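Computed from a prediction, not measured in an experiment: that's the story for all the values here. Basis for what follows: all heavy atoms, side chains included, without hydrogens, waters or symmetry-related copies. In what follows, chains are A, B, ... by sequence order, proteins preceding strands, each numbered from 1.
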Number of protein chains: 2
Amino acid sequence: MLQSKLFYITQKDLSESFVVPSHKFLVKSGYIVQLAAGVYIFTPLGWKVHRKIENIIREEMENIGAQEIHMPSLINKELWEETNRWKTIDPPLFQVKDRHDKLFGLGSTHEEVIVFLARKKQLSYKDLPFSLFQIQNKFRNELRAQAGLLRTREFYMKDLYSFHRSKEDFKPFYERVKEAYFKIFKRCGIKPILVDADPGTIGGEFSHEFMVEDEVGEDRIYFCRKCYTGINIEKGKELKCKNCGGDMSYVNSIEIAHIFYLGEIYSKKMNLLFQDKDGSKKYVIMGCYGIGLGRLMATIVQKFLTDKGILWPDQISPFDVHVIEIKSKAKKVREVAKNIYNLLSKEKIDVLYDDREKSAGEKFFDADYIGVPRRVVVSERGVKDNVVEVKVKDKIKKVKIKDFNKNFKKYLSL
Amino acid sequence: MLQSKLFYITQKDLSESFVVPSHKFLVKSGYIVQLAAGVYIFTPLGWKVHRKIENIIREEMENIGAQEIHMPSLINKELWEETNRWKTIDPPLFQVKDRHDKLFGLGSTHEEVIVFLARKKQLSYKDLPFSLFQIQNKFRNELRAQAGLLRTREFYMKDLYSFHRSKEDFKPFYERVKEAYFKIFKRCGIKPILVDADPGTIGGEFSHEFMVEDEVGEDRIYFCRKCYTGINIEKGKELKCKNCGGDMSYVNSIEIAHIFYLGEIYSKKMNLLFQDKDGSKKYVIMGCYGIGLGRLMATIVQKFLTDKGILWPDQISPFDVHVIEIKSKAKKVREVAKNIYNLLSKEKIDVLYDDREKSAGEKFFDADYIGVPRRVVVSERGVKDNVVEVKVKDKIKKVKIKDFNKNFKKYLSL
């Protein structure tokens, strides 16, 4: 798209002080705008990044055979009471009353609803296993929410739920989800630590967190730098890694995902049964698996911030290519830039074309904030020599315009 | 996907009585499951259809240069009070209190938030016009919600907002939105009536509704069958169409979209200004444009119901092709069906393959409910003659398997 048309709000002169670098960056460079504490608007730039993350997650969920559904946010009190979570869930629910004085809790998680749904089916062992996911807005009535997208009161979550005959059937699926998660995070440029964790108010026998080492993270974990596994326990004496015997460091980290073996807890409380091969009725074995999209986005930002702005990982970048035309009186400059823009756009490459009447300095300043990892700079001097400057991440090359137009995919590593 | 794996809930023996055919169909055939009055879960089948509609709308919005953003549902009371809608909006807001006793209204529409966002930018005439849209969950505190997806308390809406220097600049954009809407509805198989309407609590100088003639519709309009325009007024004497002079009938109809000329009302109330060419500050001229996705889905269902189930319009169908294998002891049948499934899937065609151990009768019964307009039936008798039965909408052809495999796109009108 034309950068002159991009609805882009930079707040460069913020008086506000920020605790977390990703928060400062996302607000300052106009990816998000705060509406209330922990409640954000995503601008076109911010939402493009968010949707990239959403689509990566969707693809990897579909790759493991999970089916997408959609559950509502208005969840009636009676349903929450079936699991006794109406009053006990932490953080507490946002409560809403309708015009008939009926109470609802805004969904912060959807175990109750998914079991309600599964219960509608007369489940036989033949129906198992199956897995359902959604990418949907969650509400959390947090007391404090001051770290930008790291802790919000409203955010998109991918929540996946799986249903099994037995723990034996559950285990390989749990491993497949782990693998899918590692793929997702790799595509996002993130290498997480797999951590034995406490299931908390979600419950269940065991759970794992995916943590990213970061000094702004709220969780302190023991972590082995050799095999990237860890334990979420209070600091005590020095520990050796169970997995590889390596030394463990005690570090701050951000939880970007949490997966749970729920076993029978929800199916017992809500009476979710299936008929087994021998005709007997048994409780369904369940797992659940969550990724918060906003927090993942903030974690990516934390990692890819530069001293000038950001350099997005390839698959998360709001645009594929940034074409920057350096303002010039020579008509040829605009011609070459426009031609490249059209050429790439025709190939369904998502290009941001800086066609604005701004100085080179301002353009590069903004470009560093937008952080597209592939850049084509068209300048008067370049055009005189029949070249454009192609930058892929930190590598800069001058390329003959003719060659570029013929082989732009090669030069841009597309 | 394999139909044996599809998470599919049919509720064929419902005791419940339904007023609206689309409601009955969507629940009975397992596209949606009711959680509370006017609050629904979308199953994999239902969500696939919903996402098809979502993507069509997104494409057509992007085609007119609108940029996608995302606004939250938690909207603070103070913001609603800037326009005096906290208490006056109809239907009333769902209210939520946070742990600091601050009040929020769950977004039923987002004029306040979009103006809050636009206000963050120091707008110059050079920034105008621009348009922003979102596809996001809305909450409406309806007193009654018993018509399935036609009237719900929680639903996805596409809301678009446009910003202009003047009414003159606004008008051509309004016309472009109209055109985009007609494209969207055409792709959904719907021919709407354009109706002069009352802006209601959204406000503004004028507005248009897109209505679909349907006896279950809650709105009564005068409608000209010749030029598909109408007026939303109380029944009076006989009317002639202003547009073409044709006779007008008084009919029931469903409102599937509403577009508004807001003019200065929101920018005045919320002080949204831009600096014009001559340096003077002026109020921004606004328009807003909404489509409710669930209601559109229900309206499509209303139109495409058949006596056996549904026949989805091409672009809305949950799958592109339905391959039905008629259970047989002959191994060849499974082989041929599987081969076709793999062949089409490789071409990124979204195929539902009925591989279940069910009778032909049951398979066709379900197929009519799933309503994919392209069907390939593989049976023992067919395979003996080296043919498959290809059905595109209501046209059935026997096609040599060899020919089909070579030219399936032609035979399937893909």
Side-chain angles (χ1 to χ4, degrees), chain A residues 1 4-9 11 30 33 35-44 46-48 50-51 65 67-76 79 91-92 94-100 102 104 106 113 116-118 120-121 126-127 130-132 134 136-137 139 141-143 153-154 156, chain B residues 1 4-9 11 30 33 35-44 46-48 50-51 65 67-76 79 91-92 94-100 102 104 106 113 116-118 120-121 126-127 130-132 134 136-137 139 141-143 153-154 156:
Chain A
M1 79 175 302
S4 59
K5 301 281 183 194
L6 179 67
F7 182 80
Y8 181 50
I9 299 175
Q11 302 186 58
V33 171
L35 183 61
V39 180
Y40 292 93
I41 302 164
F42 286 77
T43 66
W47 195 240
K48 279 193 91 147
H50 194 279
R51 277 185 48 79
Q67 296 172 56
E68 187 167 354
I69 61 167
H70 183 77
M71 293 181 275
S73 289
L74 292 170
I75 305 174
N76 41 310
L79 197 63
F94 277 116
Q95 296 184 10
V96 190
K97 203 181 261 177
D98 75 5
R99 288 156 86 182
H100 308 282
K102 284 206 172 176
F104 294 82
L106 297 183
V113 183
F116 171 89
L117 177 68
K120 287 273 172 189
K121 214 171 147 93
K126 287 181 192 166
D127 297 313
F130 64 89
S131 56
L132 303 170
Q134 63 173 351
Q136 183 255 14
N137 212 21
F139 297 88
N141 198 348
E142 301 277 4
L143 204 53
R153 299 197 288 179
E154 181 179 342
Y156 269 50
Chain B
M1 79 174 303
S4 59
K5 301 281 182 193
L6 179 67
F7 182 80
Y8 181 51
I9 299 174
Q11 301 187 58
V33 171
L35 183 61
V39 180
Y40 292 93
I41 302 165
F42 285 77
T43 67
W47 195 241
K48 279 192 90 147
H50 195 279
R51 278 186 48 79
Q67 296 172 57
E68 188 168 354
I69 61 167
H70 183 76
M71 293 181 275
S73 289
L74 292 170
I75 305 174
N76 41 310
L79 197 63
F94 277 116
Q95 296 184 10
V96 191
K97 203 180 261 178
D98 75 6
R99 288 156 87 182
H100 308 282
K102 284 207 171 174
F104 294 83
L106 297 183
V113 183
F116 171 89
L117 177 68
K120 287 273 172 189
K121 213 171 147 94
K126 286 181 193 166
D127 297 313
F130 65 88
S131 56
L132 303 169
Q134 63 173 351
Q136 182 256 14
N137 212 21
F139 297 88
N141 198 348
E142 300 277 3
L143 203 53
R153 298 197 288 178
E154 181 180 342
Y156 269 50

Q: Looking only at non-hydrogen atoms, find the nearest pair between B:L143 and A:H100 and report the distance.
A: O-NE2, 2.7 Å
Q: Name all residues meeting the side chain to side chain contact (heavy atoms under 4.5 Å, CB included) criterion together with A:K126; count only those two or more places apart in sequence or in a different chain, and write none if there are none.
A: A:S124
Q) To the nearest 0.5 Å, what is the distance between CZ (A:F42) and CD1 (B:I69)? A) 11.5 Å
Q) Roughly how far apart are B:E142 CD and A:D98 CG, rounded to 0.5 Å? A) 11.5 Å
Q. What is the minimum heavy-atom distance between B:N141 and A:R99, and which atoms define it?
A. O-NH1, 2.6 Å
(Q) Main chain of A:S73, side chain of B:E154: is a donor-acceptor contact present, judged purely on distance under 3.5 Å? (A) yes
(Q) Please identify, among B:G46, B:P92, B:A36, B:S131, the residue contributing the most non-hydrogen atom pairs under 4.5 Å to chain A. (A) B:P92
Q: Measure up the A:F94 and B:F104 rings against each other and bin them: parallel (under 30°), tilted (30 to 60°), perpendicular (over 60°).
A: perpendicular
Q | Residue B:Q134 versus chain A: region with a heavy atom under 4.5 Å | A | neither
Q: Check whether B:S4 gets within reach of chain A through its side chain, its backbone, both or neither, counting any heavy atom under 4.5 Å.
A: neither
Q: Among the options A:A37, A:G65, A:P72, A:P91, pick out the one with the most heavy-atom pairs lying under 4.5 Å from chain B.
A: A:P72
(Q) Could you check whether B:Y156 and A:H70 have their ring centres less than 6.0 Å apart? (A) yes
Q. Under a 4.5 Å heavy-atom cut-off, does chain A meet the side chain of B:R51, its backbone, both or neither?
A. side chain
Q: Flag the one option from B:E68, B:Q136, B:K48 with the top tally of heavy-atom pairs under 4.5 Å to chain A.
A: B:E68
**Q.** Which portion of A:V96 sits near chain B, non-hydrogen atoms under 4.5 angstrom
**A.** both
Q. Between A:K121 and B:F7, is NZ or CZ placed under 6.0 angstrom from the six-membered ring centre and within 45° of the ring axis?
A. yes
Q | Any B:V39 side-chain heavy atom under 4.5 Å of A:N76 side chain | A | no
Q) For A:L6, is it the side chain, the backbone, both, or neither that has a heavy atom closer than 4.5 Å to a heavy atom of chain B? A) both
Q.
Less than 4.5 Å to any heavy atom of chain A: does that hold for the side chain of B:Q95, its backbone, both, or neither?
A. backbone
Q) What residues form a salt bridge (Lys or Arg N to Asp or Glu O under 4.0 Å) with A:D127, not counting sequence neighbours? A) none
Q.
Please identify, among B:N137, B:T43, B:I75, B:L117, the residue contributing the most non-hydrogen atom pairs under 4.5 Å to chain A.
A. B:L117
Q: Mind checking the CG-CG spacing from B:L106 to A:L74? Nearest 0.5 Å is all I need.
A: 7.0 Å
Q) In terms of heavy-atom pairs under 4.5 Å, which option from B:M71, B:K5, B:H50, B:R153 contacts chain A the most? A) B:R153
Q. Considering only heavy atoms, which portion of B:K102 lies under 4.5 Å from any heavy atom of chain A: side chain, backbone, both, or neither?
A. neither
